[in-house]
Structure formats: C-alpha cells, structure tokens
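Convention: sequence-line order gives letters A, B, ...; per-chain numbering from 1.
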Amino acid sequence: MKVRTRFAPSPTGYMHVGGVRTALFAWLIAQQQGGKFILRLEDTDKAREVEGSGDHIMQSLKWLGLQWDEGPDIGGPFGPYKQSERLAIYKEWAQKLVDGGQAYADPYTMAEVEKFRESAKAAKKPFLFRDYRPHDPPKWDGSQPLRFRSEPKTYQWHDEVMGDLSAGEEAIDDFIILKSDGYPTYNFAHIIDDYLMQISHVIRSQEFIASVPKYLNLYEALCIERPMLATVPFVMGPDGKKKLSKRDGAKDILDYAREGYLPETLLNFMATLGWNDGTEQEVFSVKELITKFNLDRVQRGGAHFDEQRLLWMSGSHIRELPLDELYPKTKDFWPPEATKYGDAYKKAVLGLVQERLKFFGELPNLTTFFFKDLAIDMELISNHKQLKKYEKHDLKLLLQQAKQSLEGSDFSVNDLTARLNDLLEQTGEKPAVLFSLIRIATTQAPASPGLAETLAILDRDVSLRRISATLAKL
RNA sequence: GGUCCCAUCGUCUAGCGGUUAGGACACCGGGUUUUCAUCCCGGCAACAGGGGUUCGAUUCCCCUUGGGAUCACCA
C-alpha cells in the first residue's frame, strides 16, 4: 500500500506549535516511506472561518519546509482539496446511506434536542441521540440535518501511537453527517475524503480519540476499509496542565520566523517534544528526523512546551552552521546602522557573535557597537565590580598606556593579542581590570566577544577614537 | 456523571523483571588569560500511593489518587 499522509487543518486562525507538530509527523512519515503528503483544507464551518488563514497555514508550512505534494493551491489527482468545493461528493455519499436506511433526517429542532440533552443530564445519564431516534423520520429534503443511523457495539482497534484501544457501545451514537446548511460535519467529511484521497495514515491530535468508535461504525456502514490511525498527544502549555492554546500565549509559528529562528530548529524541537529515537541524541537534522522518526516511539502523554529548551536548541543549530551558510539567513536582522557596511565586515562580526546567538533577533543587541559609536556610559565603569575599586585618575593612566601601545599596532589579531599581553606585564594589572577597561571604552557594552578579535574588527580608527573619547571623560 | 486516554528528576525523556534509575534543558559550583557566550568537569533533582504476581518490581495485573480528552448542526 502506498503511503499517503495528510494534514487537514480548518482555516480558523494561525498555526502554533501544537498544530504544526501533527503536520510534521505526517510529513515525516510520508518522506521516510517515499509517500505523498497531502494538504486538505477543512473549511466546512463558515461561522468560524477566518479570512486569510488558509494562506497563513500554507505560508507556515512552507517556511518550515513541510511542502505538500497535493493541495488546494497546486491541485492533484484527487482534488479539489478544499472541502467547501466538495459538497456534491458528500451529498452523493450521504444519499447512499439514506438509500440504505443508514441515515435519516433529524426531525427535531435544536431546542428540542437541547431538552433531551438536559433531561439526560438531570438523570445523570450520558446523552445519546439514538435513545431519541424517531420511529418514522420525515423524508430528507436537505433542509434538515442528516444523521447517521449507528449500530452500537464495542470496538477494539490499534492505534499506531497509543497502542491497542477499546471502547464500549456508549461511545457510539447517531451523529450529524450533513448540517442543515448543506455542509458536512468533520465527522463525515474527513472519512469520505480520506477514503477518496487514498490516505494510508490518519495522523491527528488527541481530541479525536473519543470519536474513533463512531468513525469505525461509519466505515463499516460505508463498507470502506479504514486507514491506519495514529493519535498524537497534545502539546501542553508551559505551566498549565492544559493543551497549549493561543490563550496560553502559544505563538503564531511565523512569529518564530520573524524573531529569527531557523525552521530546522523548530522542526527538531517539535519532533523531540514527545518523541526520541531511543538514543541520547537531542539535536537532529531534518534529514535525520526523516530516517529516524517512527510513530511507535511517540510518547502517549502530553508534553509541556519549554521555551528554554527551544532557546538552547536554537543556539545549538545556529552554532553548527558554517558561517557561509549562516550569514545569508541573517540578512533581515541586522541593526539599521549596519546597512552602510559591507558583507565582509558583517560576516566577520557574525563570526564573532555566532556562538552566543540564540536567535537572529538578538543580533542588534549583540552587535550595534560594531556599527556605531554608542554614548559613553561612565556607569559601566563605576558599577564594574573590579574597576569601581580604582581611582578615576589611575584608570586614566592605565587607558593612556593602553592607547599608546595600540597606536603602534597593525590591528591584526595576533599583534593585538601580543600587545595586550605585554600591557598586562608592564602594568602588573589583572586581565579582569585592564581588559575590562579597554573593552568598555571601545564597545560601551556590558559584554562583548574576545577583546583582541573585537578590536581587530573595529580596526584602528574606531578603536583609538573610542578610547580617546573615554579618556576625555575620565 | 458516562466513555476513553495518560502517569520516571521543575521540564523533555531512557528504561521494555535484577541498573549506583541514564541523558538533555534549566539551576548551582569549578575550570578554559577580562565580561558574556561556547566548551570541559562536578553538583542538585524522579519511579504518585496501596495491593497483588514473582526469588526479585520503575517495569506485569488490580484498585486508589492525580491529570487530560470527549459527550456540538466545531473541527
């Protein structure tokens, strides 16, 4: 059987990590088996639909590199891939059920159904519509909701992630398959579409697990073979016990793009949130994920979203990238002053800060002093745990001595290193004092990369100019 | 309430009858000629509880507890 997986979101908002992870798993299975990954938009709820969110979802998947082989924009052999364009198909399949006596028109008003529900609740019994199934329902004319006539029974089935599952007949009920507005419900439409689109694995998140018996019942009524089922647990909020939601601050996945995370970081992070390959490996390339991922090592319980871990993983991926590959990815993240500088200069700066960069959005904070003179902040000295013990006058002499030595330098890293070491000996000061002073004078930053390397990039004019400026204030 | 799912350090997890219960993130120390970061070394920290089964349970079974999902003309 050919492997065909699908991601079938409803266009009701932006994508966050929770949703993307399901898509990732489906995509990984397809890649690994040489199968196809299908994108299908489940836009059957006109009320909840959010304008533009279909595009947004596609953009997110594209940024992550989860390209689909068939979908609403590119079509495919089993289209259309938007449920709202498949209404005639659902109607046709519904009619088959009606003809076979396996579906019937629901004669009740919503208020009446609500009453049934309340009385069931008052009796502390679960509400099952089939307890109120009409004896001779009206002929279905399309204006009433159409219900599936279920056949209650117990089920056992295998889930690729959760293992062997079972449920009693209380889980089976007469659910609505076609709404009175003519649109199908998810419960019906996805069954038909998965079948027609020849989906081999249905990979979806946990909220659907309780409905699986209903689907099994429907597959039987329709006489169609069910695909493999895989239920992925939720991603939980960082502190709460609940499923991660937009309310918990779950970010739009494209926010991570805007903040300067690498897509491969997000993929690695989401995959290892609830999955591991059994070894102690934590950092995976996309390629490795494709070969190593498998559904039965996916955790059954929900995992908390941990921003710290994401940050660490992001830094790790950034560090692993060769500078030549890293540099082009940073182009939208440099401070505005950097536009005046050439690629070679920026690339050299990037090389210096690469190891401390967690995401590209940090670039301005880490590098502005390479591009412009910052206002001299004497508090950096007066608050410095070593320098504050010194008299201003002594610091001035020290800095003057440093300046004198640096004036003779060719500003190569080697020469600068040699001179700085000489200064250490001549002055008898600890590096914590001497280097801190020069660093603050030249960068006006509380932290910076190695001193010799920094000075070499700033170069002679800038370095000496900044030292003089600080000297003037001491 | 019915049905169903889940349960190892704070977090992500390894473990599939016998282990000093391992790793990673975070945190705390120490080291690598300043700071920050990287890297290295070390530390802190867990089998929810109770019954079984067994020579032996983190591991298998049951119960309890805790958490979650679902019971829509939402997906």
Side-chain angles (χ1 to χ4, degrees), chain A residues 8-10 12 42-45 47-48 106 110 113-114 117 120-121 123-129 144-147 159 162-163 165-173 175-181 183-187 189-190 204-213 231 233-234 236 238-239 241-243 269 272-283 299-313 315-316 319 353-358 366 380 384-387 417 420-421 424 429-440 443 445-451:
Chain A
S10 66
T12 53
E42 310 222 317
D43 57 340
T44 55
D45 185 351
R48 288 205 317 156
D106 178 352
M110 281 199 210
V113 176
E114 189 51 39
R117 196 171 280 128
K121 199 178 175 185
K124 294 220 172 224
K125 280 174 45 184
F127 169 70
L128 288 170
F129 189 90
Q144 317 99 317
L146 189 67
R147 282 190 189 261
D159 185 284
M162 300 303 252
L165 302 176
S166 62
E169 52 184 51
E170 304 83 356
I172 308 290
D173 196 14
F175 58 91
I176 289 175
I177 58 178
L178 243 42
K179 301 182 261 186
S180 56
D181 64 3
Y183 282 80
T185 58
Y186 167 83
N187 293 337
H190 91 271
R204 64 185 148 203
S205 97
Q206 224 187 6
E207 69 258 37
F208 298 105
I209 203 166
S211 303
V212 169
T231 302
F234 293 125
M236 320 278 263
D239 32 8
K241 301 274 191 191
K242 285 194 307 250
K243 162 187 172 184
F269 178 74
T272 52
L273 195 59
W275 171 83
N276 71 83
D277 71 343
T279 72
E280 287 176 355
Q281 186 170 352
E282 306 278 344
V283 178
Q299 214 69 21
R300 295 167 208 252
H304 291 83
F305 178 85
D306 182 1
E307 190 103 26
Q308 297 282 5
R309 188 175 158 80
L310 173 63
L311 225 41
W312 162 77
M313 197 170 271
S316 171
R319 263 174 264 128
V353 298
Q354 178 175 11
E355 70 184 24
R356 71 202 60 208
L357 203 53
K358 300 275 192 247
L366 257 26
L380 285 174
H384 190 276
K385 64 177 192 280
Q386 301 282 346
L387 298 181
T417 307
L420 289 169
N421 285 337
L424 238 29
E429 292 293 350
K430 291 183 297 185
V433 173
L434 181 69
F435 290 0
S436 292
L437 181 63
I438 301 173
R439 186 176 54 75
I440 289 171
T443 67
S448 72
L451 186 53

Visitor: Within the 4.0 Å heavy-atom criterion, would you say Ser180(A) contacts the bases, only the backbone, or no part of the nucleic acid?
Guide: base
Visitor: Among all residues two or more places apart in sequence or in another chain, which pass the salt bridge (Lys or Arg N to Asp or Glu O under 4.0 Å) test with Arg48(A)?
Guide: Asp45(A)
Visitor: Closest to the Phe127(A) side chain: rC5(B), rC73(B), rA72(B)?
Guide: rA72(B)
Visitor: If only side-chain N and O atoms of Arg117(A) are considered, is one of them under 4.0 Å from the OP1 or OP2 phosphate oxygen of rA72(B)?
Guide: yes
Visitor: Give a yes/no answer on whether the side chain of Asn276(A) brings an N or O atom under 4.0 Å of OP1 or OP2 in rA14(B).
Guide: yes
Visitor: Expressed in angstrom and rounded to an integer, what is the separation of Met162(A) atom CE from rA7(B) atom C1'?
Guide: 12 Å
Visitor: By ring pair (Phe, Tyr, Trp, His ring centres under 6.0 Å), which residues pair with Phe208(A), not counting sequence neighbours?
Guide: Tyr186(A)
Visitor: Over how many whole Å does the gap from Asp173(A) atom CG to rU70(B) atom P extend?
Guide: 17 Å
Visitor: Which residues pass the salt bridge (Lys or Arg N to Asp or Glu O under 4.0 Å) test with Arg309(A), sequence neighbours left out?
Guide: Glu282(A)
Visitor: Rounded to whole angstrom, note down the C1' distance from rU35(B) over to rG22(B).
Guide: 35 Å
Visitor: For atom C1', what is the distance between rU33(B) and rC39(B), given to the nearest Å?
Guide: 16 Å
Visitor: Give one of base, sugar-phosphate or nothing for Arg204(A), where a contact means two heavy atoms less than 4.0 Å apart.
Guide: nothing
Visitor: Distance check: side-chain N/O of His304(A) vs OP1/OP2 of rC12(B), anything under 4.0 Å?
Guide: yes
Visitor: Report, as a single string ordered 5' to 3', how protein heavy atoms within less than 4.0 Å touch nucleotides 21-27 of chain B: B base, S sugar-phosphate only, - not at all.
Guide: -SBSSS-
Visitor: With sugar-phosphate meaning primed atoms plus P, OP1 and OP2, does Ser166(A) contact a base, only sugar-phosphate, or nothing at under 4.0 Å between heavy atoms?
Guide: sugar-phosphate
Visitor: Of all residues at least two apart in sequence or in a different chain, which pass the ring pair (Phe, Tyr, Trp, His ring centres under 6.0 Å) check with Phe234(A)?
Guide: none
Visitor: With Arg147(A) as the cation and Phe129(A) as the aromatic partner, state whether NZ or CZ is under 6.0 Å from the six-membered ring centre and within 45° of the axis.
Guide: yes
Visitor: State which residues pass side-chain contact (heavy atoms from CB on, under 4.5 Å) with Asp181(A); sequence neighbours excluded, sorted by chain then number.
Guide: Lys46(A), Lys179(A), Tyr183(A)
Visitor: Would you mind reading off the distance between Leu128(A) atom CG and rU70(B) atom C1', rounded to a whole angstrom?
Guide: 13 Å
Visitor: Could you give me the CA-CA distance, side-chain angles and deciding distance for Glu42(A) and Thr44(A), then say whether side chain to side chain donor-acceptor pair (under 3.5 Å) is met?
Guide: CA-CA 6 Å; Glu42(A) 310 222 317; Thr44(A) 55; over 6 Å; no
Visitor: Check this one for me: any side-chain N or O of Lys179(A) less than 4.0 Å away from OP1 or OP2 of rC74(B)?
Guide: yes
Visitor: Show the distances under 3.5 angstrom between N or O atoms of the protein and N or O atoms of nucleotides 28-33 of chain B.
Guide:
from	atom 1	to	atom 2	distance (Å)
rU33(B)	N3	Asn421(A)	OD1	3.3
rU33(B)	O4	Asn421(A)	ND2	3.3

Visitor: So, using salt bridge (Lys or Arg N to Asp or Glu O under 4.0 Å) as the criterion, who are the partners of Glu114(A) when residues are at least two apart?
Guide: Arg117(A)
Visitor: All N/O contacts under 3.5 Å from nucleotides 42-46 of chain B to the protein, with atom names and distances to one decimal?
Guide:
none

Visitor: Under the rule for ring pair (Phe, Tyr, Trp, His ring centres under 6.0 Å), what residues qualify as partners of Phe435(A), not counting sequence neighbours?
Guide: none
Visitor: For Asp43(A), which residues count as a salt bridge (Lys or Arg N to Asp or Glu O under 4.0 Å) partner, sequence neighbours excluded?
Guide: none
Visitor: Taking rA45(B) as the reference, what is the distance to rU8(B) when you measure between their C1' atoms (whole Å, please)?
Guide: 12 Å
Visitor: Using atom C1' in both nucleotides, what's the gap between rG10(B) and rC28(B) to the nearest angstrom?
Guide: 14 Å
Visitor: List the protein contact pattern of nucleotides 59-69 of chain B with one symbol per nucleotide (5' to 3'): B for base contact, S for sugar-phosphate-only contact, - for none; contact means a heavy-atom distance under 4.0 Å.
Guide: --------SSS
